[in-house]
Amino acid sequence: MFVYVINQHGYPLMPCSPRKARLLLKSEKAMVVQRTPFTIRLRYGSSGYKQVVSLGVDAGTKHIGVSAATAKRVLYEAEVLLRTDIQDLLATRREFRRARRNRKTRYRKARFLNRRRKERWLAPSIQNKVDTHLKVIGQVAKLLPITSITVEVAQFDTQLLKNPNISGAEYQEGEQLGFWNVREYVLYRDHHTCQWCHGKSGDKILNVHHRESRKTGGDSPNNLVTLCETCHHKIHQEGLEDQVKRKTASLRDATQMTILRWFVYHGIKAEYPDAKLTYGYITKNTRIQSGLEKSHTVDARCISGHPLARPSETTYLIKQVRGQNRQLHKAKILKGGIRKKNKAPRYLFGYQLFDKVRYENQECFIFGRRSSGSFDLRILNGTKVTAGISHKKLMLIERASTMLIQIQKPS
Ligand SMILES: [Zn+2]
């Protein structure tokens, strides 16, 4: 467990131990800035002693993994759960608006087809994801003196597929790594399904089969086919090699697939020009070589370039939530001409939606409030703590924000 330290001017220093932090706080040389992750601010000037801290970002549509590590130790690791409700909410809004247009109401000027999209327009659901990636990185950069950032931009490198003889630092990690790249592409092209039984065997282990031996056919994508392990064995045992059909697919949708991650990368690049990129096949290779289990934070650690850094005892789980429930999205809107709020007031018995509270020695969040004073408590992975508990039994710890955060002990 680390306590994050920022200097008098708000710039991050290397984190310290809780013991050191206690001493600093007791002697009034520091003050508490935030509770989770626990951060203190020095009251005296210190340029600090800094080390190389690299940040790895495992970008995604539902999760983000971030890991900041020195060569020896992991300093900060978090998994972020992104919002997945935006598309649905906008569809609801659109439906309500359409219904309203058909109702007999006062005349309103037509408001469709009179907008122009900005040049770099992204669908709101995607824009939100890109923004959140940047926000999360910004939060880490406020806690730790980050010296380099690496982002995984895609599962495999299309440039390398088109031109296997490409040279560069990342490309000189051995022939085997080149095969890993093609392998990821072949799995993607074949939709991660066995091309023999199309999933009927129920075997989840996938192999990439060489139609002609590696020696004669090589490692090019059109010599490779995805097979489940069951079928792969069967084909080799029964000598059915020549019946496996060749597959071809264009590389165009391959770049489409990872559009979000590329946007994230360019967004990061604009703010941190030294940011580097990496590919999923390299991450996967690093993870397997280092003997690590797959998880979003472990992948981020591999991306950071310090897979063998000693993991921290605590990681953070962050969940992004809506700031407001809009009455516009309610299934039943109250009648009566003037818009009524149709939702609980901002503060109910002093509590807001998503406030962090302590209940029976457990930290949890308010996920639902009733005007009777009975609240619904949950933790961030969705587990219900209690469906109805009196507000009198709760103690407020932290106020709500759109990025809820809790400490996670490794299981
Ligand atoms: Zn199969």
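We use all heavy atoms of the structure for the numbers below, so side chains are in, but hydrogens, waters and symmetry mates are not.
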Roughly how far apart are Lys284 NZ and Lys294 NZ, rounded to 0.5 Å?
-> 8.0 Å

Can a cation-pi geometry be assigned to Arg214 and Phe179, taking NZ or CZ under 6.0 Å from the six-membered ring centre and within 45° of the ring axis?
-> yes

Output, in order, the C-alpha distance, side-chain angles, deciding distance and verdict of side chain to side chain donor-acceptor pair (under 3.5 Å) for Glu152 and Thr278.
-> CA-CA 5 Å; Glu152 182 184 300; Thr278 187; over 6 Å; no

Side-chain contact test, heavy atoms from C-beta onward, threshold under 4.5 Å: evaluate it for Ser67 versus Val74 and give yes or no.
-> yes

Supply the atom-to-atom distance Lys356 NZ to Thr36 OG1, rounded to the nearest 0.5 angstrom.
-> 3.0 Å

Please examine the side chains of Tyr279 and Glu184, heavy atoms only from C-beta on, and report whether any two atoms are closer than 4.5 Å.
-> no

Mind telling me whether Phe349 and His391 have parallel, tilted or perpendicular rings, with 30° and 60° as the class edges?
-> parallel

Tyr351 vs Phe375 aromatic rings, parallel, tilted or perpendicular, using cut-offs 30° and 60°?
-> perpendicular

Starting from the C-alpha separation in whole Å, work towards a yes-or-no answer on side-chain contact (heavy atoms from CB on, under 4.5 Å) for Glu79 and Thr315.
-> CA-CA 8 Å; Glu79 182 184 342; Thr315 61; over 6 Å; no

When you measure from the side chain of Asp355 to the backbone N and O of Gln352, does any donor-acceptor pair fall under 3.5 Å?
-> yes

Look up atom CD in Gln87 and atom CD1 in Ile126, then write down how far apart they are to the nearest 0.5 Å.
-> 8.5 Å

Would you check if the side chain of Ser374 reaches a backbone N or O of Arg370 as a donor-acceptor pair within less than 3.5 Å?
-> no

Supply the atom-to-atom distance Leu404 CG to Arg378 CZ, rounded to the nearest 0.5 angstrom.
-> 12.5 Å

Look up atom NZ in Lys129 and atom CG in Asp131, then write down how far apart they are to the nearest 0.5 Å.
-> 11.5 Å

Other residues, nucleotides, ligands: >12 heavy atoms within 6.0 Å of Arg322 CZ | yes

Test side-chain contact (heavy atoms from CB on, under 4.5 Å) on His63 and Leu81 and set out the steps.
-> CA-CA 5 Å; His63 305 262; Leu81 307 172; 3.5 Å; yes

Check step by step if side-chain contact (heavy atoms from CB on, under 4.5 Å) holds for Asp274 and Ile149.
-> CA-CA 7 Å; Asp274 298 333; Ile149 300 181; over 6 Å; no

Got a donor-acceptor contact below 3.5 angstrom from the Lys269 side chain to the Ala275 backbone?
-> yes

Answer yes or no: does atom NZ of Lys142 have more than 12 heavy-atom neighbours from other residues, nucleotides or ligands under 6.0 Å?
-> no

If you look at every heavy atom in Glu363 and Ile379, which pair is closest and at what distance?
-> O-CG2, 3.6 Å

Show the numbers, then the answer: is there a side chain to side chain donor-acceptor pair (under 3.5 Å) between Gln320 and Thr132?
-> CA-CA 9 Å; Gln320 190 192 20; Thr132 309; 3.0 Å; yes

Worked verdict on Ile389 versus Glu360 for side-chain contact (heavy atoms from CB on, under 4.5 Å) | CA-CA 11 Å; Ile389 186 70; Glu360 288 189 340; over 6 Å; no

Is Arg120 atom CZ crowded by more than 12 heavy atoms from other residues, nucleotides or ligands, each under 6.0 Å away?
-> no

Any donor and acceptor pair, going by atom type alone, linking the side chain of Asp203 with main-chain N or O of Cys228 inside 3.5 Å?
-> no

Donor-acceptor contact present, side-chain Gln406 to main-chain Leu380, <3.5 Å = yes

Search all heavy atoms of Ile86 against all heavy atoms of Arg83 and return the closest pair with its distance.
-> CG1-NH2, 3.6 Å

Short N-O contact, Arg43 and Glu28, less than 4.0 angstrom = no

Kindly write out the residues that satisfy side-chain hydrogen bond (donor to acceptor under 3.5 Å, both in side chains) with Thr226, not counting sequence neighbours, or none if the list is empty.
-> Asp190

Distance-only, no hydrogens or angles: does the Asp376 side chain make a donor-acceptor pair with backbone N or O of Ala387 under 3.5 Å?
-> no

Please examine the side chains of Ile6 and Gln34, heavy atoms only from C-beta on, and report whether any two atoms are closer than 4.5 Å.
-> no

Please confirm whether the backbone N or O of Thr383 pairs with a side-chain atom of Asn381, one donor and one acceptor, at under 3.5 Å?
-> yes

Considering all heavy atoms of both residues, which atom of Val225 and which atom of Lys245 are nearest to each other, and what is their separation?
-> CG2-O, 3.6 Å

Can Ser201 and Lys234 be counted as having a side-chain donor-acceptor contact under 3.5 angstrom?
-> no

Flag side-chain contact, heavy atom, 4.5 Å: His306 against Thr70 = no

Over all atoms of both residues, closest heavy-atom pair of Thr39 and Pro37 = OG1-O, 2.7 Å

Inter-residue atom distance Arg41.CZ - Leu25.CG, 0.5 Å rounding | 14.0 Å

Does Val244 offer a backbone N or O that forms a donor-acceptor pair with the side chain of Arg211 under 3.5 Å?
-> yes

For ring-ring contact (aromatic ring centres under 6.0 Å, His included), just list the numbers for Phe38 and Tyr4, CA-CA rounded to whole Å, side-chain angles, deciding distance to a tenth of an Å, and then say yes or no.
-> CA-CA 6 Å; Phe38 198 74; Tyr4 302 96; 9.5 Å; no

For Pro15 and Leu144, work out which heavy atoms get closest and say how close.
-> CD-CD2, 3.5 Å

Specify whether Trp262 and Tyr265 have parallel, tilted or perpendicular ring planes, treating 30° as the upper limit for parallel and 60° as the lower limit for perpendicular.
-> perpendicular

With a 4.5 Å limit on heavy-atom distance, are the side chains of Leu206 and Glu229 in contact?
-> no

Over all heavy atoms of both residues, which pair between Trp196 and Cys231 is shortest? Give the atoms and the distance, please.
-> CD1-SG, 3.7 Å

Non-hydrogen side-chain atoms of Ser304 and Leu55 separated by less than 4.5 Å = no

Pairwise side-chain contact, Met403 with Gln139, heavy-atom cut-off 4.5 Å (strictly under) = yes

Evaluate side chain to side chain donor-acceptor pair (under 3.5 Å) for Thr297 paired with Ser295, printing each intermediate quantity in order.
-> CA-CA 5 Å; Thr297 46; Ser295 83; 3.2 Å; yes

Is Arg189 reaching over with its side chain to a backbone N or O of Pro221, donor-acceptor style, under 3.5 angstrom?
-> yes

Taking side chain as C-beta onward, heavy atoms only, is Tyr272 less than 4.5 Å from Ile137?
-> yes

